Each structure stands twice: as structure tokens, then as C-alpha cells.
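Some notes on the structure that comes next.
Here is how names work: the chains are called A, B, and so on, in the same order as the sequence lines, proteins then strands, and each is numbered from 1. Please read all numbers here as calculations on a predicted model, not as lab measurements.
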Amino acid sequence: MRLLSPLSLSIKLSIVLSLIVAGVATTIGGAMVYRDRQLLRDELRGKALLLARSVAVTALEPLLRGDSWTLYKMLRQITQGPEGARERTLITAMILDPEGRVLAHLYPALFPIGLPLLADNSPERPRLQSELAMKDSGVLDGDGFIEGMAPVQISGKNLGLARVRLSTFELDKHTADAGASVLMLSVIMAMIGIILGTFWSNKTLRPLHMLARSMEEFGHGVVHLLPVSRGDEIGQLIVSFNRMANELEEKRKLAAELAANEKVIALGRIAAGVAHEVNNPLAGMLNCLSTLRVKANDPQLVSRYLPMIEMGLKKIDALVKDLLIELRVEDAREVADASCLEDVRDLIMAEIDPARIEFAWENRLEPSDSINRPRVQQILLNLLRNSIQAMPTGGRLWCRLWSDQDKLVFEIEDTGHGIRPEDLGRIFDPFFTSRPTGTGLGLWIVLRLVQSMHGNVDVNSVLGEGTQFRIQIPREPKLATRPA
Amino acid sequence: MIRTFTILAAILFLSVRGAEAAEEPVRFGLTAAVVRENLDLYERWAAYLGRKIGRPVQFVQRRTYREAMEMLETGEHDFSWICSFPYAKYRDSKVFGLMAVPVFEGEPLYRSYVIVHKDRSFRTIGDLEGRVFAYSDPDSNSGYIVPRQILSDFGRNPDSFFRHTFFTYSHTETIEAVAERVADGAAVDSYVWEYLNRREPKFTSKTKVIQRSETFGFPPLVYRTGVDAELRARMTEALLTMDKDPEGSALLAELMLDRFITAPSSLYNNVRLNLDRR
């Protein structure tokens with residue numbers, strides 16, 4: 001049944017593949033974003049350095065003149081973007097004197113001219129000290145910023161230090177945005193992959209689905225060959241299945257033919273048996289008749305032979321009747337509820353002498369239990385009559401009927417003479433009988449009817465004590481509609 | 001060959017004629033005493049004066065007062081609008097003469113304003129000790145001489161009173177320096193501050209005047225001694241009658257001046273006094 005829903009398999013397959021693809025895409029994208037970030041950071045470092053250097057170069061003249069206003073305007077101009085707006089990446093810019101005092105600062109209100117940038121006890125003071133002594137420009141990578149530093153020099157002497165600090169916020173934001181884009185793209189790719197993959201694998205697995213359904217139907221006897229439309233493994237599978245289905249179908253036909261043959265053989269055997277059974281009394285009767293023809297006027301002979309002829313004819317009559325019953329009942333299929341079996345009880349009650357035989361009828365079948373009336377009635381009648389005949393001197397007879405989850409059970413028990421162990425193997429053979437007047441067809445009919453309903457018969461017999469027959473017939477929900 | 005020569009000769013002839021036709025403009029020097037930002041106004045004023053005197057007039061901006069004075073001395077400028085201090089300093093040098101004085105708010109006078117950022121709590125220039133102070137020009141009366149004189153009057157040495165001082169060479173930029181808090185305080189020309197405060201208060205609105213000096217003669221318009229007498233007369237006439245015609249009145253209104261008048265050089269005596277006490 002799991003194969004009937006290949007959706008799960010196709011989804012699983014496409015999810016796994018899509019996730020792998022998305023994972024690879026994320027990794028590659030991540031590497032590219034990282035590289036991009038490094039490049040941008042290098043670019044920003046270059047920019048900070050360039051800005052600091054140009055400030056340092058331009059600052060020399062006004063610095064020598066003590067022109068603080070020009071220094072300030074320079075910082076403002078050099079850090080302005082093309083539209084006059086302040087560069088978004090710029091945090092601050094300043095020019096310090098060799099002692100670390102502010103000569104000009106982009107934020108003069110916070111860092112007034114002439115005052116030290118940092119207090120003497122500031123933890124950053126030693127670093128500033130070494131930066132002030134720098135002879136070459138350099139870049140400081142800080143947390144969230146990049147700072148370009150260039151000394152303002154004249155004849156190798158430091159007059160001041162120009163510092164331009166740029167924010168890495170834009171850079172970080174860019175990286176975060178790019179990362180988010182990569183992730184989003186991967187997720188979208190994965191989703192599209194899953195949808196397309198599911199669609200594709202569904203299409204691919206459809207033949208398997210059909211195959212599974214055909215196998216299921218095949219189990220129910222419906223042979224349904226599949227069209228071969230592809231040359232891949234699935235196509236080969238379908239070809240194999242079709243071949244197997246054909247072979248199995250042939251085998252089934254063969255089995256049916258064999259069964260039909262067996263039926264013919266069995267029929268032949270019956271016919272032979274009938275011929276034999278009829279032949280015996282027939283021979284005796286013919287003997288009687290030829291004797292009577294010779295001595296037609298011998299009344300003594302007539303009174304002796306006529307009953308013999310009558311007996312022979314009765315035997316043949318019984319045989320024919322039983323055979324007719326068998327033929328009539330074998331094809332009968334009339335479905336009724338369990339109450340129809342009460343007819344059997346009434347019939348038997350009428351046939352026995354209550355003074356001799358004690359008859360116990362126990363019908364616990366549910367009203368909903370459906371029953372093939374003619375067959376079951378015939379089975380019960382045959383078994384009950386057998387039991388009655390097994391008790392010529394009287395006894396007890398039980399008939400118990402009940403049902404459980406999946407079968408109907410009929411149990412007939414008597415306290416008759418029982419069956420000889422050596423006969424037990426033959427009691428169901430046609431024409432086997434232990435009674436002189438019996439046809440030997442009763443139990444044979446029972447067995448055939450039980451088998452026609454896919455049931456089985458158990459016999460339990462102790463010689464001199466009694467016999468018990470138990471018949472179990474599986475419930476068949478489709479009893480009414482299916483051929484036996 | 002001959003044709004080419006003829007064309008060249010014609011071009012040469014025409015260009016010489018053209019140069020003769022275009023008269024040499026009268027150069028009029030301007031300094032930080034006036035508002036330099038409104039170039040368009042000065043162009044229209046120059047055109048107006050040019051029509052009045054019958055010769056083109058060109059205003060020439062000079063960065064420092066000293067530079068403007070040099071130009072006047074060398075004869076490059078025939079007229080100039082200079083500051084009261086250089087006038088008082090050099091009025092006896094016979095290099096230039098007083099031509100006209102602007103009348104600002106009814107008087108030919110102006111003051112020095114001590115300004116600070118509007119959010120600061122300084123109340124007088126005395127509160128600015130140890131602070132950063134912006135001067136406009138070492139030759140500016142209102143932007144240099146006056147604040148130093150005030151400190152001297154209080155017995156303080158203006159050279160060591162402030163932590164740091166610097167020159168901006170423009171009253172407008174001095175105001176900007178205070179507005180941006182590059183300087184804690186500054187002294188500026190009252191006319192410039194009032195003009196900007198009314199016309200373009202972007203920076204003045206961030207400053208406040210905490211001290212007003214006594215009045216001084218308004219920065220005067222002078223002529224070079226050696227200038228053609230008739231040109232000088234025409235220029236003087238043009239300036240003094242500006243308020244008499246609508247175009248001139250409109251220009252004066254834009255300049256936020258009432259009119260131009262003649263005045264005795266004694267108007268600048270108190271400026272001279274500061275110079276002498278220095």
C-alpha cells in the first residue's frame with residue numbers, strides 16, 4: 001500500500017536534492033559575500049588613507065599660518081560628498097598638534113580648538129602618543145570604523161596629525177543585506193526545486209504507481225497489462241511485470257482446465273459408481289425376472305421374488321434421488337438469514353421418535369448471519385439423518401450452530417455406534433456405505449457442499465460411543481454476489 | 001596667399017577697433033566690510049553706477065583690508081569701500097579721500113557686536129576668558145580693534161586673554177565660525193550681522209549678540225587721490241543721488257542702507273582714538 005502513495009517518496013527525493021543544492025548555493029554565496037566584504041573593506045581603508053593624506057597635505061599651509069578657520073573649513077569640504085551632503089560613511093575628521101591637542105575638529109563643539117583630544121589618564125592615550133609620533137601614514141581598523149592617519153610634515157618634522165575616521169556601518173549593512181539576499185535566494189531556490197522536483201518525480205514515479213495498482217488488481221484476478229512507453233529501468237520493470245502477468249494468467253488458465261478435467265474424471269468415476277451400484281440390483285432383478293418368466297405360475301416364487309425386485313428398484317430410486325439432490329443443491333444459491341435453519345429442526349423432529357431419541361437443537365447464529373439456505377439445510381439434514389440411523393436403539397442427538405468473527409460453525413453429535421477407525425478415511429468417498437440400504441452418497445454430498453463454500457469438515461468418532469461432525473464455513477461478505 | 005593675408009589684416013584691424021571701443025572699466029574695490037555673498041546685487045549696482053557715470057564699473061573683491069588698501073595705493077582701484085579703521089589710520093596719507101558714507105538705520109554709524117552661540121551662557125566678552133575667539137581681519141575696526149580695546153579697557157591683555165584666536169577675513173564667516181562652534185565668541189560688524197539676520201539668517205539664527213560697542217563712523221567709500229576729477233565728481237554724484245531715483249532706492253533697500261551722504265572725516269575720530277591708544 002505504501003507504493004500506492006509515491007508522493008512521499010517523490011517529495012522526499014526532491015527535498016533532499018533541493019536542500020543539497022540550496023546548501024551549496026548558500027556556501028558559495030556566503031564565500032562571495034565574504035570576499036566582497038573584504039574588497040569593500042580594503043576600498044574603505046584606501047579611502048580613509050587617501051582622505052587623511054589629502055587633509056595632511058592641504059593642512060600644512062593654514063597650519064603654519066595658525067589659520068584654524070581654514071583648517072576647519074578644509075575638514076568640512078574634504079569630507080563632503082558630491083551633493084554637498086556629508087559623506088554617509090564619515091564619522092569624524094580632525095587635525096591634532098604633536099601634543100595631541102585639537103587644531104581643528106569636524107565637531108568643534110565637542111572637541112574645542114586648543115584642548116587635548118584625550119584626557120591624560122585616558123586608556124587610549126599611549127596609543128595616541130605613538131600615533132602622533134608616526135612618520136608615515138597608516139590605517140587603524142577599529143570596531144565599526146576605519147581610521148586613516150597621516151602626519152602633517154615639513155622637512156621631516158611632524159607639525160600635526162590628520163585623522164579621518166570612516167564608518168563600516170554601510171559596509172556591514174551591505175554585507176548583511178547581501179547575506180540575506182543569498183539566504184533568501186537559496187530558500188526560494190530550494191522551494192522552487194522542491195515544487196519542480198516533486199512534479200518531476202511524481203511524473204517519473206507514475207508508472208510505478210500504475211504498476212503497484214496493477215499488481216493489486218492482479219491479486220484480485222484482474223489482469224491488466226501496462227503500456228510500455230519508456231526505455232529506462234522503470235520501462236524494463238513494466239516489461240517484466242507484463243511478462244509475469246502473462247505467465248501467471250496462463251498458469252491460471254491451465255489450472256482451471258485441470259480442474260475442469262478433474263471434474264470430468266470425477267464425473268466419470270461417479271458414472272462408473274452409479275453404473276456399478278445400479279448394476280448390482282439390476283442383475284438380481286433380471287435373474288428374478290427370467291426365473292419368473294420360466295415359472296410364471298409358481299405363486300410361491302412370485303411372492304418371494306417380487307419383494308426382491310421391489311427392493312432393487314427402491315435402491316436404484318434412492319440412488320437417483322440422492323444424485324438429483326446433489327445436482328439440485330450444488331448449483332443452488334439462495335441467501336437467507338439464520339432463522340431458515342429452523343425448518344431443518346422441524347423436519348428432523350418429525351422424523352424421530354422422541355421416546356427413543358432425545359434431540360437437542362441449539363441455534364446461536366445471529367439473525368444477521370447470512371446463509372446459503374439450500375446447501376446448509378442439505379448439509380444439516382444429511383448429517384442429522386446419518387446420526388439418527390446410527391442410533392437404531394435410541395440415544396441423544398445434538399445440533400449446535402454458532403458463529404464467530406470470521407466463520408460459521410455447525411456441530412452435530414450423536415451417541416450412536418460410531419465409525420470404525422479403518423473406515424474413517426473413506427466415509428466421504430462416493431458409494432461408500434456401512435448400511436445395506438445406504439447409497440453412500442450422503443457424506444460425499446456434505447463434503448462437496450462444504451468444499452463449495454470453502455469450508456472444512458472435522459470428524460471425531462469413537463466406536464461404540466458416538467460421532468461428532470464439526471463444519472466450519474468462512475464468512476463470505478460477497479456470498480450473495482460471487483460465484484461459488 | 002594674398003587673400004589669407006587680407007583676412008588676417010581685417011581681423012587684426014577689427015579687434016583693435018573693438019578694444020578701443022570697450023572703455024576701460026572703473027575698478028571699485030570691496031572688502032569684508034560689506035556682505036560679499038550677494039554677488040548678483042553688486043553686479044546690478046555696478047551696472048547702475050556704470051550707467052550713471054557713463055563708464056562701466058567693476059566691483060573687485062579683495063580678501064584682506066590690507067590688500068584693498070594696496071590696490072588703492074598702486075592705482076589699480078580708483079574707488080574702494082574700505083573699513084573705518086584703515087580709513088582712520090591712513091586718512092592723513094593723502095592717498096585717498098572720503099567720498100561718501102552709507103547711512104544705516106538713520107545714522108552713518110555702526111557698532112561692533114560681540115556674539116556667541118545662542119545656546120551658550122556667556123554674558124559679556126569677559127566671560128570668554130580662556131576660550132576660542134574669532135577675529136575677522138587684523139585691520140578691522142569692529143572685528144578686531146574694538147573687542148581688543150574693550151579687553152584693554154578692563155585691564156586685560158587681549159593677546160593672552162583667549163586660549164586661541166584666529167582670523168576668518170570675513171564677518172560672514174566669523175558668524176559662521178561661532179554658529180558652528182569653532183569659536184566660542186567673536187566680534188563682528190553690526191551692519192553685516194543685522195543684514196544677514198534679516199536676509200539670510202542661517203548662521204545668525206544660531207548666534208546671539210551679547211555686547212554692543214559704542215558707535216563708529218560707518219565704513220566709508222573713498223576715492224584714490226589721483227583719480228580723474230571729473231570721474232570722481234560723477235561717481236560721487238551717482239552715489240549721493242541714489243536715493244533719488246527708484247532703481248537706486250531699490251538697490252539701497254537691498255543693501256539695507258538708507259542713502260549715501262558726505263561726512264567730515266571727524267566722523268572717524270573715535271576710531272582713530274583706538275588706533276592711537278593701541
Item to check | Heavy-atom neighbours of A:Arg125 CZ exceed 12 at 6.0 Å | outcome: yes
Checklist entry - Is atom CZ of B:Arg66 surrounded by more than 12 heavy atoms (other residues, nucleotides or ligands) closer than 6.0 Å? => result no
Checklist entry - So does A:Met32 have more than 12 non-hydrogen atoms from other groups sitting under 6.0 Å from CE? => result no
Next on the checklist: Does A:Lys173 have more than 12 heavy atoms from other residues, nucleotides or ligands lying within 6.0 Å of its NZ?
Outcome noted: no
Checklist entry - Going from OG on B:Ser170 to CH2 on A:Trp69, what distance comes out if it is rounded to the nearest 0.5 angstrom? => result 9.0 Å
Checklist outcome for this item: Residues A:Gly66 and B:Phe166: closest non-hydrogen pair is O-CB, 4.1 Å
Checklist entry - So A:Lys73 and B:Glu180, salt bridge (Lys or Arg N to Asp or Glu O under 4.0 Å) or not? Walk me through it. => result CA-CA 11 Å; A:Lys73 282 201 292 183; B:Glu180 301 262 282; over 6 Å; no
Item to check | Contacting region of A:Leu115 [heavy-atom separation from chain B under 4.5 Å] | outcome: both
Next on the checklist: Does any backbone or side-chain atom of B:Val182 lie under 4.5 Å from a heavy atom of chain A? Answer side chain, backbone, both or neither.
Outcome noted: both
Checklist outcome for this item: The side chain to side chain contact (heavy atoms under 4.5 Å, CB included) partner of A:Pro112 among B:His164, B:Arg181, B:Arg163 is B:Arg163
Checklist entry - Roughly how far apart are A:Asp67 CG and B:Tyr169 OH, rounded to 0.5 Å? => result 7.0 Å
Checklist entry - Under 6.0 Å from the NZ atom of A:Lys203, do we count more than 12 heavy atoms belonging to anything else shown? => result no
